[in-house]
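Note: hydrogens, waters and symmetry copies are ignored here, and every other heavy atom, side chains too, is used. Every chain is numbered from 1 and lettered A, B, ... according to where its sequence line falls, protein lines coming before strand lines.
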Protein chains: 2
Amino acid sequence: MATTTAAQRRAAAKVQFDAFLAACPSRKLLDRISDKWVVLILCALGGDGLSRPAAGDGRGLPALRYSQLARTLAGVSQKMLTQTLRSLERDGLVTRTVTPTVPVTVTYELTDLGRSLLEVMRGVKRWAETNIPTVLAHREAYDARASRAPTS
Amino acid sequence: MATTTAAQRRAAAKVQFDAFLAACPSRKLLDRISDKWVVLILCALGGDGLSRPAAGDGRGLPALRYSQLARTLAGVSQKMLTQTLRSLERDGLVTRTVTPTVPVTVTYELTDLGRSLLEVMRGVKRWAETNIPTVLAHREAYDARASRAPTS
DNA sequence: CAGGATCCCGCTAGATACTG
DNA sequence: CAGTATCTAGCGGGATCCTG
């Protein structure tokens, strides 16, 4: 079942959204997804933070529990984790599944849409991880230049 | 001359940086580049916002002036534009060139490092622009479900 | 033209405490 | 376990004024 209307599909096909425009909805969406926690949650649900290589076949990505996510994203507060997960769920990027066990079990999983964004976000995370040394070197050079500023 | 130390190159080669760790420098870098304005500035310097197709050959990307960037990124404040550009310059992603004309001319250009990030960021921007209709539809559905919440 | 410097508001991240 | 609720400090970010 398609969850998009005809009008929406037409719009998408015509690429009529432009994030350069302040009023365009895509600008807001860009702002939402341009977030540290979004990147990390998506990557975690993509299986990037798992030590066990199980289910690493693209299909059937891991359904992670809240606590697993909290452990993977070191230093995240419950508030930010919950808040970001809700936002992702609302936007249709992840699904939230509640299993009424004795202590309730909640798992999160990427949707198809979420998986499409994951591809991009993985690139962002990897870029940061591979280029941080270069960036650090540039900063040192920049700051060194700034420190010997002409007093005259 | 190489601007990276031997230790840094070793580290990069071993992929020992992990943004999942709170203390890892790459986490901070991820936070920096996960920014609306960073994405838009990079895309603008990548030539995405230009009407004239000139210099769209990958090589020789446009050197945009401050005012051109301000016009392209509709709604950006001078503060955020200047601040983000400084940050990008410090990180070695863009170069800032001052030409001492009558009214001074300042142009910004992507470095090789900046161009490598551009590839990723273009994906982020395009994802937002192409998937905003779907996301909007999901939100509507989500909010509709939330509005008929059980009062009992 | 391309910013630098300030003021200041708003919101948001984080810490803490409580709960089904 | 997986949240919700509340409070607050901090700063992100816009508006405004000024300058080489």
Side-chain angles (χ1 to χ4, degrees), chain A residues 22-23 27-28 30-41 44-45 62-90 94-109 142 146 149-152, chain B residues 19 22-23 27-41 44-45 62-90 94-109 142 146 149-152:
Chain A
R27 166 78 70 96
K28 284 192 158 189
L30 177 61
D31 201 17
R32 284 257 166 94
I33 64 178
S34 295
D35 178 67
K36 182 179 44 175
W37 301 126
V38 169
V39 176
L40 292 176
I41 288 179
L45 290 176
L64 294 183
R65 303 182 55 171
Y66 182 88
S67 51
Q68 290 181 295
L69 282 169
R71 240 173 293 117
T72 305
L73 307 198
V76 69
S77 63
Q78 307 100 318
K79 182 183 176 179
M80 287 316 296
L81 183 53
T82 301
Q83 188 173 294
T84 309
L85 282 169
R86 286 283 176 285
S87 167
L88 293 176
E89 187 196 1
R90 190 170 103 103
V94 308
T95 57
R96 179 174 180 270
T97 310
V98 181
T99 310
T101 50
V102 183
V104 68
T105 305
V106 181
T107 58
Y108 292 90
E109 219 166 343
Y142 184 93
T151 315
S152 57
Chain B
R27 166 79 70 94
K28 285 192 155 189
L29 180 57
L30 177 61
D31 200 16
R32 284 259 166 95
I33 64 177
S34 295
D35 178 66
K36 184 179 44 175
W37 301 126
V38 169
V39 176
L40 292 177
I41 288 179
L45 290 176
L64 295 183
R65 302 183 58 174
Y66 182 88
S67 51
Q68 291 181 295
L69 282 169
R71 239 173 293 119
T72 305
L73 308 197
V76 68
S77 63
Q78 305 99 318
K79 182 183 176 180
M80 288 317 296
L81 183 54
T82 301
Q83 188 173 294
T84 308
L85 282 169
R86 285 285 175 282
S87 167
L88 293 176
E89 186 196 1
R90 191 171 102 103
V94 307
T95 57
R96 178 175 179 269
T97 310
V98 182
T99 311
T101 49
V102 182
V104 67
T105 305
V106 181
T107 59
Y108 293 90
E109 218 166 342
Y142 184 94
T151 315
S152 57

### Task
May I have the distance from B/K28 (atom NZ) to C/dA13 (atom C1'), rounded to whole angstrom?
15 Å
### Task
Search all heavy atoms of A/S87 against all heavy atoms of A/R32 and return the closest pair with its distance.
OG-CD, 4.0 Å
### Message
To check you understand the geometry: which heavy-atom pair defines the closest contact between A/T84 and A/W37, and what is its length?
### Response
OG1-CB, 3.9 Å
### Message
Expressed as a whole number of angstroms, how long is the span from B/L81:CG to C/dC1:P?
### Response
14 Å
### Query
Which heavy atom of B/L73 sits nearest a heavy atom of A/R27, and at what distance?
C-NH2, 4.1 Å
### Message
Walk along nucleotides 1-18 of chain D from 5' to 3' and tag each nucleotide B, S or - by protein heavy-atom contact under 4.0 Å, base first, then sugar-phosphate.
### Response
SSSS--------BB-B--
### Message
I need the minimum non-hydrogen distance between B/L30 and B/A19, along with the two atoms involved.
### Response
CD2-CB, 4.1 Å
### Summary
Heavy atoms of A/K36 and B/S34 approach each other most closely as N-CB, 3.8 Å
